[in-house]
Protein chains: 2
Amino acid sequence: MTDFLCDLASYNVYSQACPARLVLDRLADKWSLLLMDRLSQGPVRFNQLRRDVEGISQKVLSQSLKKLERDGLIARRVFATVPVTVEYTLTELGATLSDTVASLAHWAERNIDAVLASQRQYDAHNA
Amino acid sequence: MTDFLCDLASYNVYSQACPARLVLDRLADKWSLLLMDRLSQGPVRFNQLRRDVEGISQKVLSQSLKKLERDGLIARRVFATVPVTVEYTLTELGATLSDTVASLAHWAERNIDAVLASQRQYDAHNA
DNA sequence: TTACTTAGTTACCTGAAGGAAACCACCGCC
DNA sequence: GGCGGTGGTTTCCTTCAGGTAACTAAGTAA
């Protein structure tokens, strides 16, 4: 079994050692995709993100942003205003990912009804 | 702040109540994306999946497949062979998602080096 | 002087995800 | 009779992501 995804780099996402799994794992948390999607619309400040992405706590927002920044997907810029302003933007690298992220979120939006219907049917069948 | 993703359905992915978050959360576990990607290449049996997707345990594989089936993304077919054969395939709904999933995994593969480099730089800077 | 804003950090706690290992039934093979 | 393969379930345990709440610090406005 081979996979086109990893052949060129002689990696295999299905392999435990494949570093691409790190990327997948990073995005596979509760908030990263949502934050990436929000930032794809333009620069946003910390508290604005916190208000926009409902339900995220200050701590987790801070942690998530740090991880995304460490991965080079977003950039953090501090402005010496009063009070201090911190602006987050997608990097070029992050921007290359945003289309995919958007299409994922877009898919969720378009197909949520089908998914919910399937869940109801499944639950009814196994009741 | 509005989002093109949810406007038509009067949903908002950033809203806690948006059901699309359910989909995002479902995919945001350790194995779902990997399993979807593996199944996008064609039908696979249980133990074949287990062998291919390195590191997944029998229990978690079983659980993940059930959830994906419940969501209508994959189908389970039992063949009365000896020993019994169980084959998993993407549904039509699942197939519409596989392109996006593949592009996400593909992105990870192409850009893993940039991500790892960014991590090293970040860690060096904050040492 | 009190309160509010900015952007965080820290401590504590809990639930759920996931790993390990054993167990099940069925059957073929040798 | 014991081993291997099929496809699971169950139990137990641990880890960690994430939630809550309090705290910091600097400055502004009432």
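Protein chains get the first letters and strands the later ones, always in sequence-line order, with residue 1 at the start of each. Everything quoted here is computed from the prediction, not taken from an experiment.
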Query - By side-chain hydrogen bond (donor to acceptor under 3.5 Å, both in side chains) - contacts of B:Gln121 (at least two apart) - result: none
Using atom names, set out every protein N or O paired with an N or O of nucleotides 24-30 of chain D below 3.5 Å, distance rounded to 0.1 Å.
none

Query raised in the report: Within this structure, what is the CD-to-P distance between B:Gln48 and D:dG8, rounded to whole angstrom?
Result: 14 Å
Requested in this report: Could you state the atom-to-atom distance from NZ of A:Lys66 to C1' of C:dA7 in whole Å?
Outcome: 11 Å
Query raised in the report: Within the structure, does a side-chain N or O atom of B:Thr85 lie under 4.0 Å from either OP1 or OP2 of D:dG7?
Result: no
Query raised in the report: Roughly, in whole Å, what's the span from CZ in B:Phe46 to P in D:dG5?
Result: 15 Å
Query raised in the report: Within the structure shown, what part of the strands sits under 4.0 Å from B:Arg50 by heavy-atom distance: base, sugar-phosphate, or nothing?
Result: nothing
Report task. Return the set of residues passing side-chain hydrogen bond (donor to acceptor under 3.5 Å, both in side chains) with B:Thr85 (not counting sequence neighbours), or none when no residue passes. Result -> B:Thr81
Requested in this report: With heavy atoms under 4.0 Å as the rule, sort B:Arg51 into base, sugar-phosphate or nothing.
Outcome: sugar-phosphate
Report summary line: Heavy-atom nearest pair, A:Ala75 first then A:Thr91, reads N-CG2, 3.8 Å
Query raised in the report: Partners of A:Thr96 by side-chain hydrogen bond (donor to acceptor under 3.5 Å, both in side chains), sequence neighbours excluded?
Result: B:Trp107
Query raised in the report: Tell me: CZ of A:Arg77 to C1' of C:dG8, nearest whole Å?
Result: 19 Å
Query raised in the report: Do A:Ile74 and A:Leu35 have side-chain heavy atoms sitting under 4.5 Å apart?
Result: no
**Report entry** Distance, rounded to the nearest Å, where A:Leu65 contributes CG and C:dA7 contributes P
**Finding:** 11 Å
Query raised in the report: Considering only heavy atoms from C-beta outward, does the side chain of B:Leu116 approach that of A:Leu22 to under 4.5 Å?
Result: yes
Report summary line: Given protein heavy atoms under 4.0 Å, the one-letter contact record of nucleotides 16-22 of chain C, with B base, S sugar-phosphate only and - none, is simply --BBB--
Query raised in the report: Across the strands shown, which category fits A:Phe79 at heavy-atom distances under 4.0 angstrom: base, sugar-phosphate, nothing?
Result: nothing
**Report entry** B:Asn111 side chain vs B:Ala114 backbone, donor-acceptor pair below 3.5 Å
**Finding:** no
Query raised in the report: Does D:dT9 have OP1 or OP2 sitting under 4.0 Å from an N or O in the side chain of B:Ser62?
Result: yes
Query raised in the report: Donor-acceptor pair, B:Arg21 side chain versus B:Tyr14 backbone, under 3.5 Å?
Result: yes
Report task. Could you list the residues that satisfy side-chain hydrogen bond (donor to acceptor under 3.5 Å, both in side chains) with B:Thr100, not counting sequence neighbours? Result -> A:Ser103
Requested in this report: Would you kindly give the CG-to-P distance between A:Asn126 and D:dG8, to the nearest whole Å?
Outcome: 13 Å
Query raised in the report: Can you tell me how far P of D:dG18 sits from CZ of B:Arg21, to the nearest Å?
Result: 12 Å
Query - Nucleotide C:dG8, atom P - distance to CG of A:Asn47 in whole Å - result: 9 Å
